[in-house]
Amino acid sequence: MKKEKKRNKPSKEIPLGFVDRKEKELLVRDFIISNIKEIMIKYGFQYLETPSFEYSDSIGKFLPDKDRPDEGVFSFKDENKWLSLRYDLTAPLARYVAKNYLEIPKPFKRYQLGTVWRNEKPGPGRFREFLQFDADFVGTKSSLADAELCVMISEILTKCGLNKSDFVIKISSRKITEELFKKLNIKDNQQKLTALRALDKIDRLGWDSVKELLGEGRKDKSGDFTEGANLSSNNIEIIEKELKKKTPETEDLIEIIKIFKDYNFRNFEFDSSIIRGLEYYTGIIFEVNLKFDVKNNKGQVIQFGSIGGGGRYDNLINNFGNYDAPATGISIGLDRLVYALMQKKDFKIKQSKPVVICVFDNNSMKEYINLQLLLREAEISAEIYPGEGKLKKQMEYANKINSPAVILYGEDEIKSGKPTLRNLSTGKEKSAEIRELVNEIKKII
RNA sequence: GCAGCAGUAGCUCAGUUGGUUAGAGCACUAGUUUGUGGAACUAGGGGUCGGUGGUUCGAAUCCACCCUGCUGUACCA
């Protein structure tokens with residue numbers, strides 16, 4: 001009987017890849033968001049919000065012969081159409097631009113903050129639900145736009161408390177690999193993609209492993225085998241040699257570096273091993289990398305990788321029809337930035353906690369409420385102890401929520417009109433006239 | 001998806017070659033203190049030992065399958 005009952009209890013577990021986020025983290029996130037908004041206004045971007053769900057085909061999820069478009073997205077069927085939770089903010093932007101093409105200004109600059117969902121295996125610091133920040137230029141081919149994005153994200157990170165030496169923007173261009181493929185006469189699209197994905201892993205795996213992936217394939221340390229791009233060893237040598245060059249040769253990179261100079265912006269590096277997985281990039285690509293150590297909850301230093309990146313995608317919006325909409329944009333993973341920022345030693349956000357007014361006798365509630373009103377009118381966070389119980393329990397509560405002080409206003413104090421104020425960090429008590437109370441508390445906070 | 005490892009209290013874990021009623025620390029509740037938190041002491045609650053089936057006189061322990069998690073790898077439009 002009892003066992004039966006237990007079995008029917010609802011699960012207290014949360015789904016794989018989803019997390020509860022607590023106040024400490026949320027405050028840092030709010031701080032970052034307020035900085036972002038401020039700077040986006042300064043740079044002249046429009047604020048936009050699009051829905052969490054889109055029709056699956058609108059965001060690039062076509063469902064040829066599948067029952068369910070579940071490749072990486074969460075979907076369900078509504079009446080006859082498939083809907084998917086958005087997996088990024090770029091696809092909805094493309095859809096928005098196509099839908100509103102005639103009304104929007106051209107070029108169109110918009111920024112967006114929003115949760116995105118990915119139906120993928122979560123990893124350390126990677127979840128199935130996370131907050132992204134995106135800023136994009138639509139309808140301009142100018143490298144000034146690409147440059148602005150880099151300068152802007154740098155300003156945001158600085159405003160959030162990072163030093164120039166804490167991060168770097170790495171830039172490259174898809175034109176480099178494109179020209180290489182042309183030169184080597186590699187035409188098969190699938191082969192190109194496999195090669196790009198392999199090159200994207202240089203950071204993590206190193207050149208030796210990447211060369212295996214460009215060739216026949218690679219066995220990882222768990223014994224799993226990954227099929228390679230099957231390029232000839234001659235071609236692989238040429239690719240390695242070409243990508244190890246330290247100076248950019250493509251036109252777009254030369255141009256953006258010149259613009260950086262005009263901005264007096266130096267916090268960037270050319271790195272031809274920056275590839276980025278997405279297929280749709282066509283030109284300049286960049287990544288925002290942190291240079292300080294990030295640790296996991298066991299205190300081990302983990303390879304954190306980039307907190308975001310972006311690049312130029314001149315053909316994406318054309319998928320919706322014939323729009324002249326070359327575009328470039330940046331995405332930042334806010335939760336990852338929050339995680340990293342919380343580890344900076346000098347980074348703390350204080351949240352004022354309420355002064356707790358203890359309850360001795362429910363018949364004196366009017367007195368407590370008056371005190372509470374007085375404090376709140378003075379913009380002091382205050383609350384009457386919200387439960388029932390002895391004074392000890394009330395003190396324990398105040399201690400647990402990090403309250404700076406409690407006010408004791410029992411029979412004797414009410415009679416004399418002088419509440420007792422107890423400082424919870426020193427443990428000292430003081431008797432104060434009601435009109436002095438606000439000042440005494442301000443001394444403590 | 002593939003591979004390796006692991007699942008014992010809310011959390012971190014111990015549990016000997018299979019052997020009584022499964023333990024510890026932290027956390028929680030109550031008390032020592034009927035008006036005083038962070039320390040101490042005392043007592044207490046809390047477990048289908050991931051699940052199912054099997055081997056056995058006897059299973060947290062051995063076997064099979066399943067589920068879940070972690071790590072690596074792939075995918076990440």
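Protein chains get the first letters and strands the later ones, always in sequence-line order, with residue 1 at the start of each.
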Inset, instruction - Answer with base, sugar-phosphate or nothing: what part of the nucleic acid does A:Glu411 contact at a heavy-atom distance below 4.0 Å? - result: base
Legend entry - Atom pair distance, as rounded to whole Å: CD in A:Glu396 and C1' in B:U33: 12 Å
Inset, instruction - For A:Asp20 and B:C11, give me the distance from atom CG to atom P, rounded to whole Å. - result: 13 Å
Inset, instruction - Indicate whether OP1 or OP2 belonging to B:A27 is found under 4.0 Å from a side-chain N or O atom of A:Lys400. - result: no
Inset, instruction - Would you tell me if any nitrogen or oxygen in the side chain of A:Lys390 comes within less than 4.0 Å of OP1 or OP2 on B:G31? - result: yes
Legend entry - Centroid-centroid distance, A:Phe18 to A:Phe127, less than 6.0 Å: no
Legend entry - Atom pair distance, as rounded to whole Å: CG in A:Asp200 and C1' in B:C76: 11 Å
Inset, instruction - Round to a whole Å and report the spacing from CD of A:Glu212 to P of B:U73. - result: 13 Å
Legend entry - Given RNA chain B, 5'-ward residue of the pair A:Gly410 and A:Lys201, judged by closest heavy atom: A:Gly410
Legend entry - Residue A:Leu205, side-chain heavy atoms: nucleotide from B:G35, B:U73, B:G37 that is nearest: B:U73
Inset, instruction - Inspect the contact between A:Glu23 and A:Arg29 and indicate whether a charged nitrogen and a carboxylate oxygen are less than 4.0 angstrom apart. - result: no
Inset, instruction - Please find out if less than 6.0 Å separates the ring center of A:Tyr368 from that of A:Tyr385. - result: no
Legend entry - Whole-Å distance separating the CZ atom of A:Arg218 from the C1' atom of B:U73: 8 Å
Legend entry - Candidate nucleotides B:A74, B:U36, B:C75, ranked by approach to the side chain of A:Glu120 - the nearest: B:C75
Inset, instruction - Under 4.0 Å between any heavy atoms, over every strand shown, what does A:Thr420 touch: base, sugar-phosphate, or nothing? Just pick one. - result: nothing
Inset, instruction - Give the ring-plane orientation class for A:Tyr281 versus A:Tyr313, where under 30° counts as parallel, over 60° as perpendicular and anything between as tilted. - result: perpendicular
Legend entry - Euclidean distance, atom NZ of residue A:Lys392 to atom C1' of B:U32 [Å, nearest integer]: 9 Å
Inset, instruction - Would you classify A:Asp412 as touching base, sugar-phosphate or nothing, given that sugar-phosphate means primed atoms plus P, OP1 and OP2, and contacts are heavy atoms under 4.0 Å? - result: base
Legend entry - A:Arg174 and A:Glu178 ion-paired at < 4.0 Å: no
Legend entry - Sugar-phosphate, base or nothing in reach of A:Lys428, heavy atoms under 4.0 Å: nothing
Legend entry - Heavy-atom donor-acceptor pair, A:Asn399 side-chain to B:G37 base, under 3.5 Å: yes
Legend entry - Donor-acceptor pair under 3.5 Å, A:Lys121 side chain vs B:U73 base: yes
Inset, instruction - Answer with yes or no whether A:Gln394 presents, from its side chain, a donor or acceptor under 3.5 Å of a partner atom in the base of B:G35. - result: no
